[in-house]
Amino acid sequence: MALRMWASSTANALKISASNACSSTALVSPAFSIARCFSTVLEGFKYSPSHEWVKHDGSVAIVGITDHAQDHLGELVFVDLPESGKSVTKGSSFGAVESVKATSDVNSPISGEVIEVNSKLVDSPGLINTSPYEEGWMIKVKPSDPSELGSLLGAKEYTKFCEEEDASH
């Protein structure tokens, strides 16, 4: 993790974009992910342009921030999450993450009711850094309109979005 953070910081300082530093089509695990230079985008997930992911699992949608987002934020030191039972609206903030670099709002990629919150993040916000797609999930939502998932980006589209965004900085 420390090496990856150093590499990301070095690439940012040298203004090396993902498209210049590595191939966007390198595969970490062919069935599961597309590797970008310093972050991973998983197949089977949906992504928002504000760097949140959602995994639809039956009647539940699991939500978190992407590997790309946590990489840019740096070491997370605090996470603010809603309570179970609260409604979330697609595109609106439901919480925040604070890193040693900045504080950022976290937006919901879908609308619905929060049915579970990852309470482990209260004491261990760094789980988002070390395991953004597994242990670092933030909330579970019962979607009020599952069709909203169709407007989100797939893995390839999100990878391209991130490369273009990084190249413009």
Side-chain angles (χ1 to χ4, degrees), residues 1-29 32-43 45-55 61-82 88 91-110 114 116-141 152-169:
M1 179 66 190
L3 180 59
R4 188 171 99 179
M5 288 178 68
W6 172 83
S8 179
S9 297
T10 301
N12 287 338
L14 295 173
K15 299 192 183 315
I16 300 171
S17 73
S19 59
N20 293 335
C22 66
S23 168
S24 65
T25 59
L27 294 176
V28 170
S29 174
F32 299 108
S33 63
I34 298 172
R36 290 183 56 260
C37 217
F38 303 115
S39 43
T40 301
V41 177
L42 299 180
E43 293 284 354
F45 286 51
K46 293 290 193 167
Y47 301 89
S48 71
S50 56
H51 303 289
E52 291 84 17
W53 59 264
V54 60
K55 180 180 181 189
I62 306 165
V63 176
I65 65 170
T66 66
D67 191 32
H68 181 80
Q70 72 76 26
D71 186 49
H72 282 276
L73 286 167
E75 181 183 349
L76 294 175
V77 296
F78 178 75
V79 178
D80 179 33
L81 297 172
V88 293
S92 295
S93 174
F94 69 79
V97 290
E98 182 179 333
S99 72
V100 294
K101 293 181 182 179
T103 299
S104 296
D105 284 338
V106 181
N107 299 320
S108 184
I110 57 168
V114 177
E116 189 177 344
V117 175
N118 189 350
S119 59
K120 291 180 185 178
L121 298 179
V122 173
D123 293 327
S124 301
L127 287 172
I128 295 172
N129 295 114
T130 58
S131 182
Y133 300 112
E134 289 106 14
E135 297 294 316
W137 64 271
M138 300 176 87
I139 60 174
K140 292 184 180 180
V141 176
L152 297 172
L153 304 170
K156 289 179 182 173
E157 294 84 8
Y158 180 69
T159 299
K160 183 178 179 185
F161 173 81
C162 291
E163 289 172 346
E164 291 171 355
E165 184 179 68
D166 286 351
S168 70
H169 288 95

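Reckoned from all heavy atoms, side chains included, excluding hydrogens, waters and symmetry mates. Bear in mind the structure is a predicted one, so any value in this text is a computation, not a measurement.
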[atom1] of [X] to [atom2] of [Y]: how many Å apart, nearest 0.5 Å?
X	Y	atom1	atom2	value
E75	K101	CD	NZ	11.0 Å
D105	D80	CG	CG	9.5 Å
I139	I110	CD1	CD1	7.5 Å

Would you say the side-chain atoms of [X] pair up with the backbone N or O of [Y], donor to acceptor, closer than 3.5 Å?
X	Y	value
W53	L42	no
S99	L73	yes
E52	N107	yes
D67	Y133	no

What pair of heavy atoms forms the shortest contact from [X] to [Y], and how long is it?
X	Y	result
V117	P82	CG2-O, 3.0 Å
N129	P132	O-CD, 4.0 Å
I128	G136	CG1-O, 3.5 Å
N118	L81	O-CD1, 3.8 Å

**Asked** Which residues satisfy the ring-ring contact (aromatic ring centres under 6.0 Å, His included) test with F94, sequence neighbours excluded?
**Response**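 Listed in chain order: nothing, the list is empty.
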
**Asked** Aromatic rings F161 and H51: how do their planes relate, parallel, tilted or perpendicular, breaks at 30° and 60°?
**Response**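 It falls in the tilted class, 30° to 60°.
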
**Asked** Step by step, would you call Y158 with H68 a side chain to side chain contact (heavy atoms under 4.5 Å, CB included)?
**Response** CA-CA 10 Å; Y158 180 69; H68 181 80; 3.6 Å; yes

**Message:** For I65 and Q70: C-alpha separation, side-chain torsions, deciding distance, then whether side chain to side chain contact (heavy atoms under 4.5 Å, CB included) applies.
**Reply:** CA-CA 7 Å; I65 65 170; Q70 72 76 26; 4.2 Å; yes

**Prompt:** With sequence neighbours excluded, what pairs up with E135 under the side-chain hydrogen bond (donor to acceptor under 3.5 Å, both in side chains) test?
**Reply:**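 Scan of E135 (side-chain hydrogen bond (donor to acceptor under 3.5 Å, both in side chains), adjacent residues dropped) gives K120.
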
**Message:** Going by side-chain hydrogen bond (donor to acceptor under 3.5 Å, both in side chains), name the residues that satisfy it together with E134, two or more places apart in sequence or in a different chain.
**Reply:**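 Expected list: S131.
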
**Message:** With a 4.5 Å cut-off on side-chain heavy atoms, are V63 and M138 touching?
**Reply:**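 Not touching, per the 4.5 Å side-chain cut-off.
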
**Message:** Assess the residue pair K160 and L153 against the criterion (side chain to side chain contact (heavy atoms under 4.5 Å, CB included)); give the C-alpha distance rounded to whole Å, side-chain angles, the decisive distance to 0.1 Å, and a yes or no.
**Reply:** CA-CA 10 Å; K160 183 178 179 185; L153 304 170; over 6 Å; no

**Message:** Is there a side chain to side chain contact (heavy atoms under 4.5 Å, CB included) between T66 and V41? Walk through the geometry before answering.
**Reply:** CA-CA 8 Å; T66 66; V41 177; over 6 Å; no

